[in-house]
2 protein chains.
Amino acid sequence: MPESEASSMLPPGLPPEFGVYFALLEVSALVEHGVVGQLRRDGDLSFVQFQILAILGEDRPSPLSMTDLADRLVHSKSGLTYQVGRLEQSGLVTRAPSSDDERGVEVRLTPEGAALLERVVPGHLEVVRGMLVEALDDTERERLTGLLGKVGKHLRARPPRSARGIAAAQPD
Amino acid sequence: MPESEASSMLPPGLPPEFGVYFALLEVSALVEHGVVGQLRRDGDLSFVQFQILAILGEDRPSPLSMTDLADRLVHSKSGLTYQVGRLEQSGLVTRAPSSDDERGVEVRLTPEGAALLERVVPGHLEVVRGMLVEALDDTERERLTGLLGKVGKHLRARPPRSARGIAAAQPD
DNA sequence: TGAAGGTAGTTCGAATTCGAAGGAGTTCTC
DNA sequence: GAGAACTCCTTCGAATTCGAACTACCTTCA
């Protein structure tokens with residue numbers, strides 16, 4: 001098991017440019033695994049729950065709707081309903097019907113939720129630092145961030161369905 | 001064009017070096033989402049099932065044990081039992097007790113499994129190419145692969161203290 | 001040898017996930 | 001304004017996931 005480098009875990013017969021795919025999968029899985037452990041230990045939170053709290057805690061006074069949250073996560077709406085309900089049960093968030101739109105729901109962080117977030121975030125950053133930030137020097141890290149950002153932009157600009165042979169050149 | 005930061009998705013109040021974390025999470029989630037759709041459409045496979053088949057199809061005549069598989073995936077053992085059982089039901093893999101070690105199980109790809117893999121892989125590579133490979137030019141992609149590889153090596157060399165299957169320090 | 005401890009997989013129950021279907025509010029169209 | 005079409009969110013059932021407990025086998029060591 002501890003033998004593979006990005007290129008060495010490339011299945012034989014595959015063009016080498018796909019090494020980036022396997023390297024990405026492995027790194028993201030390991031990073032996620034690491035933070036999941038920390039969140040469970042320090043705050044008894046799942047990763048999704050933490051992400052919800054973190055988004056809600058983003059120093060934004062106006063509340064978010066469920067759809068806003070679902071857009072920021074890569075989650076299904078039903079799964080989001082479940083997790084927000086769970087956070088509401090725990091007293092970490094509130095749900096209230098939107099005043100503008102009766103079908104909408106405004107999700108807000110409670111003081112308890114904000115406090116939990118503050119208690120968990122330092123350890124979270126510490127774990128992430130140990131896994132990601134310390135793995136590279138400043139130049140490398142900035143380069144990695146930039147490359148991932150470019151890929152992210154490409155992915156976001158990509159139509160989710162029937163996307164084949166669509167022009168790869170995306171104007172900014 | 002100094003857009004090498006992911007500041008747009010970095011929550012306010014966080015040191016900028018954590019941009020790499022959020023960029024990684026977003027990209028991996030989007031990529032995974034993309035391939036999940038393709039695998040479901042083209043082969044009615046979940047991502048985990050595909051990963052199992054792909055590992056088994058790695059041109060390796062000698063079979064793998066469940067533990068070998070679990071080490072290559074980031075999965076729990078029980079989840080692996082479930083999925084391999086499911087693949088066995090579908091006739092895509094076989095399970096047989098190991099001759100060396102009676103408690104071990106040798107997992108093998110069946111011809112049907114190999115055929116399904118061959119049917120699914122081209123579309124898979126096409127989707128990955130469209131999402132990842134085409135997002136960058138050759139130099140950038142190689143750089144990204146190298147950086148991810150370096151992070152991966154760092155992560156593998158740094159077992160989180162609660163790691164279960166820490167094999168004894170493997171000398172290089 | 002034979003008991004103690006370790007390893008390989010499975011089973012079990014609980015939690016989480018998703019997609020599809022449904023209920024309710026909103027917008028569009030005529 | 002009435003109805004169709006759409007959006008927001010929840011409910012529902014089925015599938016998947018995990019950790020802990022368990023069985024069976026292997027290895028160590030006295």
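Below, chains carry the letters A, B, ... as their sequence lines are ordered, and counting in each starts from 1.
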Atom CZ of F47(A) and atom P of dC18(D) are separated, to the nearest Å, by 15 Å
Please determine if E88(B) and R86(B) form a salt bridge, counting it only when a charged side-chain N lies under 4.0 Å from a carboxylate O. no
Salt bridge between D44(A) and R40(A), side-chain N to carboxylate O under 4.0 Å? yes
Aromatic contact between F18(A) and H124(B), with the criterion being ring centroids under 6.0 Å apart: yes or no? no
Take atom CD of Q51(A) and atom P of dT16(C), then tell me their distance rounded to the nearest Å. 15 Å
Give the rounded distance in Å between these two atoms: CD of Q89(A) and C1' of dA15(C). 12 Å
Sidechain-backbone polar pair: S90(A) side chain, L92(A) backbone, donor-acceptor under 3.5 Å: no
Between Q83(B) (CD) and dG9(C) (P), how many Å, whole number? 17 Å
With no hydrogens and no angle check, is any side-chain donor or acceptor of E140(B) less than 3.5 Å from a backbone partner on D137(B)? yes
Reading 5' to 3' through nucleotides 7-12 of chain D, protein heavy-atom contacts under 4.0 Å coded B for base, S for sugar-phosphate only, - for none: BSBBB-
Value in whole Å for how far the P atom of dT17(C) lies from NE2 of H33(B): 14 Å
Can you check whether R86(A) has a side-chain N or O nearer than 4.0 Å to OP1 or OP2 of dA15(C)? no
I want to confirm an ordering. Mapping S99(A) and H75(A) to their closest nucleotides on DNA chain C, which one lands closer to the 5' end? H75(A)
Short N-O contact, E134(B) and R141(B), less than 4.0 angstrom: no
